[in-house]
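Structure, as structure tokens:
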Amino acid sequence: MKKQKKLVVGNWKMNPQSLEEAKKLATSVKRAMRGIKKTNVVLCPPFIYLSSLSSSAGNSFFLGAQNANYEALGPFTGEVSFSELSQFKVDYVILGHSERRKMGESDELINKKIRAVVGGGMTAIICVGESVRDINGDFYNFIKQQITSALKDVSKKLLDQIVIAYEPIWAIGASAPVSPAELCEMSIFIKKVLKDLCGAFSGGIKVIYGGDADKVNADILVRDGNVSGLLVGRESLRAKDFIEIIKLVDAI
Ligand code: PGA
């Protein structure tokens with residue numbers, strides 16, 4: 001069987017400050033991609049930069065959005081729809097990020113967005129993660145429930161357009177990630193949940209990790225944590241460090 005490519009996603013969040021900086025960052029990544037063979041890279045800028053960056057996307061890196069409305073169009077002030085995104089070569093959409101769940105997005109709403117995004121031919125990067133780890137391991141049930149609800153009524157034929165990003169909330173923006181051993185356990189658990197839910201179709205779903213991933217821990221997290229890649233926040237805004245992370249993951 002052909003080995004699946006790894007995945008490194010840069011979640012720029014509400015950065016950078018100017019279009020000029022955004023273009024500079026994307027150009028640096030694009031140049032570095034010449035030597036990258038086994039890893040797909042996705043840059044997820046704010047909506048307003050997508051149009052300008054779409055001309056560079058495709059051959060070297062992919063473009064992703066940080067959210068999408070599940071309606072195709074209509075009276076939804078301030079929203080951008082999944083179908084509007086597709087004209088800017090957007091191939092991925094991050095959904096269910098904890099920062100958006102905190103703003104009030106429910107499991108039900110996230111599921112609607114996931115179905116719209118994969119139905120529209122894009123890949124949904126679904127973020128799941130607990131806010132605290134309890135001694136009894138109840139957080140495992142919480143992750144299972146988040147995944148089960150995210151994948152409700154998603155067509156089995158579209159499951160290769162799903163990526164699960166395990167992002168423990170306590171590690172996002174923090175100064176330490178999950179340990180590789182804990183990540184490995186969680187990755188095995190998530191793959192088991194996916195197998196129970198989707199059977200043989202679960203094989204097409206990648207599991208990646210996010211939360212304080214950087215150039216120091218990237219290699220060990222992916223290698224020993226048994227994941228297919230990383231979702232990177234802060235470090236994706238520093239071209240040199242992000243490129244270093246891409247190279248480390250590609251060398252695994
Ligand atoms: P971080 O953010 O890498 O800055 O911790 C990750 C994320 O929120 O996706």
Side-chain angles (χ1 to χ4, degrees), residues 6-17 21-22 25-26 28-29 39-47 49-50 61-68 90-105 110 113-114 117 122-133 139 142-143 146-147 150 162-180 182-183 186-187 190 206-222 225 227-249:
K6 296 207 186 55
L7 187 67
V8 175
V9 184
N11 178 9
W12 291 3
K13 307 194 179 182
M14 205 165 69
N15 302 290
Q17 185 81 96
E21 285 172 85
L25 192 49
S28 304
V29 174
T39 308
N40 285 333
V41 171
V42 185
L43 300 183
C44 303
F47 286 136
Y49 302 144
L50 286 171
F61 64 83
F62 293 93
L63 214 46
Q66 299 171 22
N67 184 27
V90 171
D91 286 308
Y92 291 79
V93 184
I94 297 173
L95 293 169
H97 192 282
S98 59
E99 286 155 12
R100 293 208 60 86
R101 291 183 192 260
K102 208 169 142 195
M103 288 176 212
E105 290 201 4
I110 293 162
K113 292 181 176 194
I114 292 165
V117 160
M122 295 173 282
T123 294
I125 301 169
I126 306 169
C127 301
V128 297
E130 75 284 359
S131 52
V132 283
R133 287 199 156 204
F139 60 93
F142 179 73
I143 301 295
Q146 279 191 324
I147 294 174
I162 297 285
V163 173
I164 302 288
Y166 171 59
E167 291 211 310
I169 298 173
W170 48 267
I172 296 174
S175 53
V178 71
S179 76
E182 286 169 334
L183 178 56
M186 182 54 85
S187 160
I190 290 175
K206 278 192 176 74
V207 178
I208 63 172
Y209 169 77
D212 195 43
D214 62 22
K215 61 183 178 190
V216 176
N217 57 37
D219 174 75
I220 191 158
L221 280 172
V222 174
V227 288
S228 299
L230 297 169
L231 176 50
V232 185
R234 285 158 294 169
E235 297 290 301
S236 69
L237 295 166
R238 285 187 278 272
K240 218 166 145 257
D241 293 340
F242 188 57
I243 290 164
E244 183 74 32
I245 292 172
I246 297 168
K247 286 183 178 164
L248 286 164
V249 171

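No experiment lies behind these values; they were computed from the predicted model shown. Just follow the structure's listing: the first ligand is 1, and inside any ligand the first atom is 1.
In terms of modelled atom types and a separation under 3.5 Å, the side chain of Tyr209 and the main chain of Pro180 share no donor-acceptor contact. Of the possible donor and acceptor atoms, one in the side chain of Gln66 sits under 3.5 Å from a partner among the backbone N and O of Lys13. Asn217 places a side-chain N or O within 3.5 Å of a backbone atom of Asp212 that can act as its donor or acceptor partner.
Looking only at protein heavy atoms, the nearest one to atom 4 (O) of ligand 1 is Arg234 NE, 2.7 Å.
Checked against a 3.5 angstrom limit, the closest N/O atoms of Leu231 and ligand 1 fall outside it. At under 3.5 Å, a nitrogen or oxygen of Gly233, whether backbone or side chain, sits near a nitrogen or oxygen of ligand 1.
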Report task. Evaluate side-chain contact (heavy atoms from CB on, under 4.5 Å) for Ile245 paired with Glu235, printing each intermediate quantity in order. Result -> CA-CA 9 Å; Ile245 292 172; Glu235 297 290 301; 3.9 Å; yes

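Contacts between Ile172 and ligand 1 below 4.0 angstrom, taking non-hydrogen atoms only, involve backbone and side chain alike. For His97, every heavy-atom contact with ligand 1 shorter than 4.0 Å involves the side chain, none the backbone.
If you number the atoms of ligand 1 from 1 as listed, the ones under 4.0 Å from a heavy atom of Asn11 come out as 9 (O). Counting the atoms of ligand 1 from 1 in the order shown, those under 4.0 Å from a heavy atom of Asp212 are 1 (P), 3 (O), 5 (O).
Checked against Ile126 for a side chain to side chain contact (heavy atoms under 4.5 Å, CB included), the options Val117, Val163, Ile162 give a single hit: Ile162.
The CD atom of Glu99 sits 6.0 Å away from the CD1 atom of Ile172 when rounded to the nearest 0.5 Å. One finds the CG atom of Leu50 at 8.5 Å from the SG atom of Cys44 (value rounded to the nearest 0.5 Å).
Comparing Lys13, Glu167, Glu99 against atom 2 (O) of ligand 1, the shortest heavy-atom distance belongs to Lys13.
Residue contacts with ligand 1: Gly173 is included, with a non-hydrogen atom under 4.0 Å away.
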